[in-house]
Protein chains: 2
Amino acid sequence: MQNITDIIEAYLKQILNDETKVEIKRQEIAQRFDCVPSQINYVINTRFTVEKGYFVESKRGGGGYIRIQKIVLLDSHDLLDEMSAWVGDQLTEQAAEDYLIRLMNEQLLTRREAILIQSLLRKESLPMDVEDQHRMRAHLMQTLLQTIKRL
Amino acid sequence: MQNITDIIEAYLKQILNDETKVEIKRQEIAQRFDCVPSQINYVINTRFTVEKGYFVESKRGGGGYIRIQKIVLLDSHDLLDEMSAWVGDQLTEQAAEDYLIRLMNEQLLTRREAILIQSLLRKESLPMDVEDQHRMRAHLMQTLLQTIKRL
DNA sequence: ACCTCTCTGACCATCTTTGACTATTGTTTG
DNA sequence: CAAACAATAGTCAAAGATGGTCAGAGAGGT
């Protein structure tokens, strides 16, 4: 673990332990680790490949970046069951949104899917008194979680 | 997201989340974001193209403006309104499924999206008496149709 | 020595920002 | 009313800001 490549790899992976993705500026990282910018490309091409479970995007020009995301192909049943337990039989609009975001982060829902579902869980979409709303929302969320398991 | 273009894009799109259109004065926006006026043209030419679903009009001279509108494809727009009228305020499970299939065929929903939504509209997902179920299902479908329009 | 993995730098590709010049529309003046 | 003037927006090419590629040099292990 002496060469720069390994050090930069470790640095990025350490961030990916907490965050679902890491976004860097090539030049900035190169400077921080005192190497040429193209070294960063080498790190990415050898350590963050699709085969190794990473998805990399980048943009050139002003405001350019390199973004690395860990692809999670986890057996997600456990997570879905956990969420199911958390949801219980009552759910606020805000909590619902948080769960949807979590599902998106875990790549179990696309952004579009999350938006569609969220619109159905808004209070305006559930014409009933608040108590029932919370129950209804929870019920729909439970259905969703079970459905995702089967997709 | 630190270049001016992205910041101005976000600003305008945020307005478009609430309003169906946004009308600006080029000079004014340029000043607010401290950039040259032609920067605004760049933003519009790269971020608010027809391919991306926006319609832009402008006028020069005194009282000039730049107006940006989100495009809803006429065909789809009409179809969604028609369906909205057909749905009314009551909807059976079978009818709901038919509508979802239609939306899929019109490529307004993906297969996965349709399956997710359908599961939420099943009677098992709507714990209430049949009368209310039909009303609830219709209400959710109406929400869905409106949401698709804005997507 | 030989092979493989790393590192470097020159050169390339793409996206953004800027500003001089142009085009159009509205307003005032003779 | 026509001409001049004012107030806007549009175009385009050059400069700036990033990231990408690739071939060759360097380093470490067998």
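Every chain is numbered from 1 and lettered A, B, ... according to where its sequence line falls, protein lines coming before strand lines.
A salt bridge does not link A:Lys21 to A:Glu19: none of the charged nitrogens lies less than 4.0 Å from a carboxylate oxygen.
Residue A:Arg60 places its side chain closer to D:dG19 than to any other of C:dT16, D:dG19, D:dA9.
In this structure, A:Gly64 reaches the sugar-phosphate backbone alone: every heavy-atom distance under 4.0 Å involves primed, P, OP1 or OP2 atoms, never a base.
As a whole-Å value, the separation of A:Glu57 CD from C:dT14 C1' is 16 Å. In this structure, B:Ile44 atom CD1 and C:dT16 atom C1' are separated by 16 Å, rounded to whole Å. Going from atom CD1 of A:Ile66 over to atom C1' of D:dT21 covers 13 Å, rounded to whole Å. Rounding to whole angstrom units, CD of residue B:Glu23 and C1' of D:dT8 are separated by 13 Å. A:Lys59 places its NZ atom 15 Å from the C1' atom of D:dG16, with the value rounded to the nearest Å. The nearest whole Å value for the distance from the CD atom in A:Gln31 to the P atom in D:dA17 is 13 Å. One atom, CD1 of B:Ile40, and another, C1' of D:dT11, lie 15 Å apart when rounded to the nearest Å. Following rounding to the nearest Å, B:Arg26 (CZ) and C:dA23 (P) show an atom-to-atom distance of 15 Å.
Taking only side-chain nitrogens and oxygens, A:Ser58 never comes nearer than 4.0 Å to OP1 or OP2 of D:dT18.
Looking only at side-chain heavy atoms (C-beta outward), B:Gln39 and B:Thr5 come within less than 4.5 Å of each other.
Surrounding CG of A:Asp34 are at most 12 heavy atoms belonging to other residues, nucleotides or ligands under 6.0 Å away.
Screening B:Met141, B:Met128, B:Gln90 for a side-chain contact (heavy atoms from CB on, under 4.5 Å) with B:Met136, the sole residue that qualifies is B:Met128. Each of B:Gln133, B:Arg137, B:Gln118, B:His134 was scored for a side-chain contact (heavy atoms from CB on, under 4.5 Å) with B:Glu93, with one residue passing: B:Arg137.
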Item to check | side chain to side chain contact (heavy atoms under 4.5 Å, CB included) between A:Tyr54 and A:Ile44, intermediate numbers included | outcome: CA-CA 9 Å; A:Tyr54 296 92; A:Ile44 285 170; over 6 Å; no
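Hydrophobic clustering keeps A:Ile117 apart from A:Met104 (ILVMFWY residues linked when any side-chain heavy atoms are closer than 4.5 Å, directly or through intermediates).
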Can you tabulate the close N/O pairs, meaning under 3.5 Å, that link protein atoms to atoms of nucleotides 6-9 of chain C?
from  : atom 1 : to      : atom 2 : distance (Å)
C:dT6 : OP1    : A:Arg47 : NH2    : 2.3
C:dT6 : OP2    : A:Tyr42 : OH     : 2.5
C:dT6 : OP2    : A:Arg47 : NH2    : 2.9
C:dC7 : OP1    : A:Ile4  : N      : 2.8
C:dC7 : OP2    : A:Thr5  : N      : 2.9
C:dC7 : OP2    : A:Thr5  : OG1    : 2.1
C:dC7 : OP2    : A:Gln39 : NE2    : 2.9
C:dG9 : N7     : A:Ser38 : OG     : 3.3
C:dG9 : O6     : A:Ser38 : OG     : 2.5

